[in-house]
Amino acid sequence: MTFPATPEEAIALQERLRDRVRVDVPLPGNPALVAGVDVAYADSEDTEGLVAGAIVILDAATLDVVESASLVGRAEFPYVPGLLAFRELPTLLSIWEGLRHRPDVVVCDGYGVAHPRRFGLACHFGLLTGVPTFGVGKTAFVGSHAPVGDARGASADLMFEGDVVGRALRTRTGVKPVFVSAGHLIDLDGACSVTLSLTSGYRLPETTRQADRLSRDALRTAMS
DNA sequence: GCGACAG
DNA sequence: ATCTTGTCGC
């Protein structure tokens, strides 16, 4: 099926796919390859709509970059809170199809089931690729949580409509927590575990940091 | 009804 | 997301 053209169609699609998501699956062993995905946008008058997506695959043990790819294109869908996937997926999927390696888990910049309709970008990406996915957000989108301890590793469940949809997780002592939620084929514990293994010196996972840098570089190059 | 609202 | 300098602190 093709991508929805309107927010109404997009919402309908999310509600149709949401029940296929599996977030009760423990990750089978420690992942060997972890991927990060991100998209950068141009905001000027004449570059309006220009986007650059990037996917970076790291060796989970050493955090060395095993493979990376980027692609510049046009955003076909407007940014609407709750519908981020429809803006970023086309570019990310194109990149995904050209990858030589198959990561064991993908870290998305955004949310999984911690979403108004329980179907964030990470769920959608996981469903379409069949690979375990989860999301790490920098700010809260839905839900609320108790205060998080000050030490790295401390966390508090993110509650939404009576359910635990994610976790506010402190990845660095004394630094604002990030918001982790399962996307597909992984559970919350696994997602938090992987997140901690990817955050040694920074608040955000090394995967998203690398993908963020690559997407920005690709966008810069495309505009110059 | 009003505000808030991943990136 | 993006526009942006210096500055406080480990």
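Throughout, a chain's letter reflects where its sequence line sits, starting with A, and its residues are numbered from 1.
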Set out, line by line, the N/O atom pairs under 3.5 Å between protein and nucleotides 1-5 of chain C.
| unit_1 | atom_1 | unit_2 | atom_2 | d |
| --- | --- | --- | --- | --- |
| C:dA1 | OP2 | A:K138 | NZ | 3.0 |

(request) Taking Watson-Crick and G-U wobble pairs with both distances under 3.5 Å, convert DNA chain B into its dot-bracket string, 5' to 3', dots for unpaired and | for cross-strand pairs. (result) .......
Mind calculating the distance between [atom1] ([X]) and [atom2] ([N]) to the nearest angstrom?
X	N	atom1	atom2	answer
A:L89	B:dA6	CG	P	17 Å
A:F125	B:dG7	CZ	P	17 Å
A:R118	B:dA6	CZ	P	17 Å
A:D150	C:dC10	CG	P	13 Å
A:F141	B:dG3	CZ	C1'	15 Å
A:H124	B:dG7	NE2	P	19 Å
A:L121	B:dG7	CG	C1'	9 Å
A:Y79	B:dC5	OH	C1'	6 Å

(request) Using the six-membered ring for Trp and the full ring for Phe, Tyr or His, decide whether A:Y111 stacks on the six-membered base ring of B:dA6 (centres under 5.5 Å, planes under 30°). (result)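 No, the aromatic ring of A:Y111 does not stack with the base.
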(message) Quick one: does any side-chain atom of A:R203 pair with a main-chain N or O of A:P177 as donor and acceptor, under 3.5 Å?
(response) yes
(message) Is it the case that the side chain of A:H115 and the backbone of A:G82 share a donor-acceptor pair, with hydrogens and angles ignored and the cut-off at 3.5 Å?
(response) yes
Would [X] and [Y] pass as an ion pair if we require N to O under 4.0 Å?
X	Y	answer
A:R118	A:E161	yes
A:D189	A:R167	yes
A:E15	A:R18	no

Sugar-phosphate, base or nothing in reach of [X], heavy atoms under 4.0 Å:
X	value
A:A140	sugar-phosphate
A:G120	base
A:G174	nothing

(message) Under a plain distance cut-off of 3.5 Å, with no hydrogens placed, do A:T91 and A:R74 share a side-chain donor-acceptor pair?
(response) no
List the atom pairs, donor and acceptor, that lie under 3.5 Å between side-chain atoms in residues 133-141 of chain A and the rest of the protein, sequence neighbours left out.
| unit_1 | atom_1 | unit_2 | atom_2 | d |
| --- | --- | --- | --- | --- |
| A:T133 | OG1 | A:A122 | O | 2.6 |
| A:T133 | OG1 | A:H184 | N | 3.3 |
| A:K138 | NZ | A:D109 | OD1 | 3.1 |

(request) Verify the contact: side-chain N or O of A:T139 to OP1 or OP2 of B:dG7, cut-off strictly under 4.0 Å; return yes or no. (result) yes
(message) What I'd like to find out is whether the side chain of A:L33 reaches to under 4.5 Å of the side chain of A:V66, using heavy atoms alone.
(response) yes
(message) Using 30° and 60° as the class boundaries, would you call the ring planes of A:F179 and A:Y111 parallel, tilted or perpendicular?
(response) tilted
